[in-house]
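Below you'll find the structure, written out as structure tokens, and then a few comments.
In listed order, ligands and their atoms are each counted from 1.
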Amino acid sequence: MENDTLTITDNRTNKTYTIPIANGAVRALDLRQIKTGPDDFGLMTYDPAFMNTASCHSAITYLDGDAGILRYRGYPIEQLAEHCTFLEVAFLLLNGELPTQEELEKWNQAVMQRTMIHENVKKFMDGFHHDAHPMGILISTVAALSTFYPDARILSNPLCNRKQIVRLIGKMPTLAACAYRHRLGLPYVYPDPSLSYTKNYMNMLWRRTEPTYVANEVLARALEVLFILHADHEQNCSTSTMRAVGSSNADPFVTTAAAIAALSGPLHGGANEEVLRMLDEIGAIENIPNYIAEVKAGHRKLMGFGHRVYKNYDPRARIIKRVAEEVFEVTGRNPKIDIALELEKIALNDDYFIKRKLYPNVDFYSGIIYQAMGFTPDQFTVLFGIPRTVGWLAQWQELLQDPERKIARPRQIYVGQEVRDFVPITRRAQVEMAAV
Ligand code: CMC
């Protein structure tokens, strides 16, 4: 449209500039022409934590945080969670379309054939301390896969890139299961490519001495749905990390390891673990008002609440709440659900949360389900990382194909010392520094 422009008057110079608006955004580089003089660098935008900056064009995930809408490649998350398998959704995220029956069979086979890990991976897995956090193990072992697949460094061949994508999706549950069993001192279970993605994972986690482990159908489906809900979420902290590291042409294994590291933080994927700790700390429904008072006083956060983008009920949390009831039919009710439901009820009626538009997010109920299924809290973020690997890789693949791709390199606003002369050590004043 002709009028899709922004006119800016620089009051420092009284000059006026007209810059184009496309897709509701102006290009930050268009501001560079706004200068006070020839030596001026030009106007920049300042946006710590990227609160209002789009860093890419993407056709993968659509999210409307105000309306509580989430779609993968145009399909509502609710429909995908109801009708698809996780690998079907993975195909959709990576290829843009849902697979035909034949394509799905081939894709399932390709992924499941890549579930095996090199025996040496098991050796360094053994080197971790018995109580090593599984996210630390996952970050390290995924990064280490890079050394087993040197072809991953060649990014110019899309077929070769695709091979690494399938490898990563295939091996992630195997690594996660090894990390789980390492903690328990149990021998690792080899993947079984004849099983579905989630049933194979469950087999590698929980098989003991029985000749054949038979996964419970309801629990396997619940895991499948949880994986679908976690598969992508556009430019969140870990995905932005994936794109930032990937922009340097680092190989996909180390790049994914960086994304897992970002995910592990308690403000991001690590929140599901923290929710369980919080519910443990609250202990009983009668303690909720005191806890809420502490949150409102700013002494703590209500974990699993709030979101940078959702200013409405997270649609994933709504589905997870329903899945929880199905899981409890099999496992028995996790009593923490009652504390969580009451916490949600009180919070959603409290001015503090209403004013700030704080609603339960995906992490609020997922941990309760995982615990009922038999996972310990330190495994929860791993359960986020396995499916999110698909989203990271879809975004990485899109990045590689982006004609505007350049190495990520933000600017800064320097607020330090002006130039000054070196001071010899005998003439320096004492400064108070943190103890070393
Ligand atoms: N409990 C209490 N107050 C909160 C919470 C919370 N969970 N989240 C935000 N607030 C308050 C915050 O103190 C601020 O209040 P004020 O305006 O008085 O300073 C206001 O709400 C706005 O918060 P913000 O910190 O500016 O929001 P943000 O967009 O920077 O942070 C967030 C988003 C998810 C990091 C934050 O809501 C949070 O820390 N939540 C708890 C951790 C959590 O559940 N994380 C999982 C996110 S969803 C899964 C994922 O994608 O990783």
Any donor-acceptor pair under 3.5 Å linking the side-chain atoms of Asn249 with those of Arg405? yes
N/O donor-acceptor pairs under 3.5 Å from side chains in residues 257-269, not counting sequence neighbours:
{"residue": "Ser264", "atom": "OG", "partner": "Ala261", "partner atom": "O", "Å": "2.6"}
{"residue": "His268", "atom": "NE2", "partner": "Asn236", "partner atom": "OD1", "Å": "3.4"}
{"residue": "His268", "atom": "NE2", "partner": "Ser238", "partner atom": "N", "Å": "3.2"}
{"residue": "His268", "atom": "NE2", "partner": "Ser238", "partner atom": "OG", "Å": "2.9"}

Test: Arg356 cationic atom under 6.0 Å from Tyr352 six-membered ring centre, within 45° of axis: yes
Residue pairs passing the salt bridge (charged side-chain N to carboxylate O under 4.0 Å, His left out) test with at least one member in residues 292-306, sequence neighbours excluded, are Glu281-Arg300, Glu294-Arg300, Lys296-Asp350
Mind jotting down which residue pairs meet the ring pair (Phe, Tyr, Trp, His ring centres under 6.0 Å) criterion with at least one end in residues 225-255? Sequence neighbours excluded, please. Phe86-Phe227, Tyr149-Phe253, His230-Phe384, His233-His307, His233-Tyr310
Give every pair made of an N or O atom of ligand 1 and a protein N or O atom lying under 3.5 Å apart, one pair per line with both atom names and the distance to 0.1 Å, or write 'none'.
{"residue": "ligand 1", "atom": "1 (N)", "partner": "Leu302", "partner atom": "N", "Å": "2.9"}
{"residue": "ligand 1", "atom": "3 (N)", "partner": "Tyr352", "partner atom": "OH", "Å": "3.0"}
{"residue": "ligand 1", "atom": "7 (N)", "partner": "Leu302", "partner atom": "O", "Å": "2.7"}
{"residue": "ligand 1", "atom": "7 (N)", "partner": "Phe305", "partner atom": "O", "Å": "2.9"}
{"residue": "ligand 1", "atom": "15 (O)", "partner": "Arg356", "partner atom": "NE", "Å": "3.1"}
{"residue": "ligand 1", "atom": "18 (O)", "partner": "Arg356", "partner atom": "NE", "Å": "3.1"}
{"residue": "ligand 1", "atom": "18 (O)", "partner": "Arg356", "partner atom": "NH2", "Å": "3.0"}
{"residue": "ligand 1", "atom": "29 (O)", "partner": "Arg308", "partner atom": "NE", "Å": "2.7"}
{"residue": "ligand 1", "atom": "30 (O)", "partner": "Arg308", "partner atom": "NH2", "Å": "2.9"}
{"residue": "ligand 1", "atom": "39 (O)", "partner": "Lys301", "partner atom": "NZ", "Å": "2.6"}
{"residue": "ligand 1", "atom": "40 (N)", "partner": "Phe305", "partner atom": "O", "Å": "2.9"}
{"residue": "ligand 1", "atom": "44 (O)", "partner": "Gly304", "partner atom": "N", "Å": "2.9"}
{"residue": "ligand 1", "atom": "44 (O)", "partner": "Asn361", "partner atom": "ND2", "Å": "3.0"}
{"residue": "ligand 1", "atom": "45 (N)", "partner": "Leu267", "partner atom": "O", "Å": "2.9"}
{"residue": "ligand 1", "atom": "52 (O)", "partner": "His268", "partner atom": "O", "Å": "3.4"}
{"residue": "ligand 1", "atom": "52 (O)", "partner": "His268", "partner atom": "ND1", "Å": "2.4"}

Ring centroids only, cut at 6.0 angstrom: are Phe375 and Phe380 within range, meaning strictly under it? no
